[in-house]
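Per chain, numbering begins at 1; letters A, B, ... match sequence-line order.
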There are 2 protein chains.
Amino acid sequence: MSLNKYNQIYREISNDIQEGRYEKDDVLPSEHRLVETFDVSRETVRKALNLLQENGFIQKMKGKGSVVIYDSSMDFTVSHLTSFKEIQQLKTKRYTTLAVELEQYPAEQFPHVMQALGLSPEDRVWQLIRQRKHEGQTHIVDRDYFTVEMFPGLSTKIAEDSIYEYIEKKLGLTIAYSHKEITFDAMTDEETELFDHSGPPYVATVRSVVHLNDARPFQYNISKHLASEFKFVEFSRRFHGE
Amino acid sequence: MSLNKYNQIYREISNDIQEGRYEKDDVLPSEHRLVETFDVSRETVRKALNLLQENGFIQKMKGKGSVVIYDSSMDFTVSHLTSFKEIQQLKTKRYTTLAVELEQYPAEQFPHVMQALGLSPEDRVWQLIRQRKHEGQTHIVDRDYFTVEMFPGLSTKIAEDSIYEYIEKKLGLTIAYSHKEITFDAMTDEETELFDHSGPPYVATVRSVVHLNDARPFQYNISKHLASEFKFVEFSRRFHGE
DNA sequence: GAGTGGTCTAGACCACTTG
DNA sequence: AAGTGGTCTAGACCACTCC
């Protein structure tokens with residue numbers, strides 16, 4: 001949807017880059033040209049270009065122009081340093097999801113969850129445990145916590161489809177930001193069972209707290225990945241604020 | 001330095017938040033008020049607020065205002081989910097750095113480096129190996145590669161101080177962005193020796209390619225962390241571009 | 001209805017790069 | 001000197017929230 005102009009321009013140019021109509025090291029048309037071709041003001045063009053820059057598509061250079069730094073031919077390369085944030089999702093392996101448990105508990109059972117979601121001991125929370133399998137092997141075990149109050153209709157059906165789609169499309173909530181933390185841990189006995197594994201008994205643990213656009217914490221997630229299968233990719237820009 | 005107004009406003013407000021003059025869940029003065037107090041236009045105020053939002057300080061809400069989501073009292077908490085990007089550096093443990101090797105090689109010796117930095121086989125590159133120690137224990141082993149041409153004056157002295165400061169202050173170059181990749185790997189025999197470890201024989205491997213603001217790749221870095229000591233923290237926003 | 005943030009405009013001046 | 005991006009302005013209209 002997103003009716004605003006700078007998002008449309010962003011989409012159009014980012015598609016052009018991803019589909020190879022602009023290649024790495026190409027220079028985009030100047031802001032002045034883009035103003036003409038899209039028939040918008042310069043600040044609007046600049047908002048689109050800033051989005052492209054934040055998301056790792058281009059690098060703007062004073063006096064020179066906007067240079068494409070994203071290499072679409074690398075899109076499906078696994079081998080080396082992969083590039084780009086939005087694409088990550090697409091590249092992900094296909095997993096089948098199996099909901100192992102979906103139960104309500106009083107929040108006091110899980111002090112970390114209580115703290116992260118700002119709950120009282122007696123508030124009720126869902127605990128959802130899911131296995132993510134790839135070619136018969138469990139690669140990921142997800143443990144999610146939601147407050148029952150905010151998410152009364154949670155079901156294993158939803159849990160095995162897309163929870164986020166349900167949240168945004170059905171509940172009309174908007175997910176805004178999250179804090180993530182990645183660590184390396186030995187498997188617990190329970191995990192040793194959930195991963196019907198043969199390899200080394202270590203996992204990459206990703207803990208995150210997900211917030212809505214009204215800043216309410218909505219979800220506490222602990223995602224355990226088979227350490228040998230885990231890869232995290234990030235594009236980041238250096239902050240020059242001084 | 002940065003003489004522009006929105007950066008000054010960003011700095012001022014972010015300091016106010018970090019030093020507790022605004023607390024979590026406080027609402028900042030409205031854009032209209034900020035226009036008056038800083039005597040700038042509204043778009044300028046908005047640029048500062050957008051920066052604060054991208055960096056995890058505030059959440060803007062239509063019709064309501066800008067709410068502080070950053071909790072300064074968590075600044076030095078190690079226990080739980082830590083927050084914020086810029087702060088990460090400050091929180092880092094104190095390490096002593098020991099340069100173990102600094103040598104020039106033809107780029108063809110390191111095909112990955114050659115590819116990432118876009119070099120020819122005969123181009124010369126520095127290989128720099130550094131140990132980062134904390135309380136006598138080696139926690140990190142860094143392997144860095146720079147082209148000799150771009151960084152002729154590299155020395156172990158610089159390598160044990162701050163390379164980035166040298167690059168930006170002395171060479172007048174500006175670091176702009178990087179691609180990172182995190183994986184967990186079994187220690188090689190060499191690493192087993194370098195880390196006089198007791199825990200699990202695994203390392204967190206962070207591979208990155210660092211680019212300058214003219215988009216030239218400048219540095220290839222492989223940073224191996226004692227897996228049991230490794231923690232990566234990220235604040236991220238969900239993209240709603242449709 | 002009053003106040004908030006979101007988008008967009010037309011124009012200005014500046015700093016940097018390239019010929 | 002011409003062309004590029006970086007910053008800033010003053011004003012407009014809209015959508016949302018809260019009373």
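- No side-chain heavy atom of A/Val67 sits less than 4.5 Å from a side-chain heavy atom of A/Lys60.
- Regarding contacts with the backbone of C/dT7, a side-chain N or O of A/Tyr6 is found under 4.0 angstrom from either OP1 or OP2.
- Of the candidate nucleotides C/dT18, D/dG5, C/dG5, C/dG5 has the atom nearest to the side chain of B/Lys60.
- For B/Asn50 and C/dC8, the CG to C1' distance is 15 Å, given to the nearest whole Å.
- Between the C1' atom of C/dT4 and the CG atom of B/Leu49 lies a distance of 12 Å, rounded to the nearest Å.
- Rounding to whole angstrom units, CD of residue A/Glu36 and P of D/dG3 are separated by 12 Å.
- When each of B/Asp39 and A/Gly65 is assigned the nucleotide of DNA chain D bearing its nearest heavy atom, the one mapping closer to the 5' terminus is A/Gly65.
- Considering every non-hydrogen atom in both B/Met150 and B/Leu171, the closest pair reads O-CD1, 4.2 Å.
- Taking only side-chain nitrogens and oxygens, A/Lys62 never comes nearer than 4.0 Å to OP1 or OP2 of D/dT7.
- Regarding contacts with the backbone of C/dG11, every side-chain N or O of A/Arg42 stays at 4.0 angstrom or more from both OP1 and OP2.
- Distance A/Gln53 CD to D/dG6 C1': 11 Å, rounded to the nearest Å.
- Considering only side-chain N and O atoms, B/Ser30 lies under 4.0 angstrom from the phosphate OP1 or OP2 of C/dT4.
- Proximity of A/Thr44 to the phosphate of C/dT9: a side-chain N or O atom is located under 4.0 Å from OP1 or OP2.
- The interatomic distance linking A/His32 (NE2) with D/dG5 (P) rounds to 11 Å, in whole Å.
- Rounded to whole angstrom, the span from the CD atom of A/Glu43 across to the P atom of D/dC8 amounts to 11 Å.
- When the side-chain nitrogen and oxygen atoms of A/Lys47 are compared with OP1 and OP2 of C/dG6, none of them lie within a distance under 4.0 Å.
- When the nucleotides C/dG6, D/dT9, D/dG6 are ranked by their closest atom to the side chain of B/Ser41, D/dT9 comes out on top.
- When ring centroids are compared, B/Phe151 and B/Tyr166 come within the 6.0 Å threshold.
- Listed nucleotides: D/dT7, D/dT9, D/dT17. Nearest to the side chain of B/Val40: D/dT9.
- The CZ-P distance, from B/Arg46 to C/dG6, rounds to 5 Å in whole Å.
- For the pair A/Lys5 NZ and D/dC13 C1', the computed distance is 12 Å after rounding to whole Å.
- Comment: A/Glu54 does not engage B/Arg237 in a salt bridge, judged by the lack of any side-chain N to carboxylate O separation of less than 4.0 angstrom.
- Donor-acceptor pairing under 3.5 Å is lacking for the side chains of B/Gln59 and A/Asn213.
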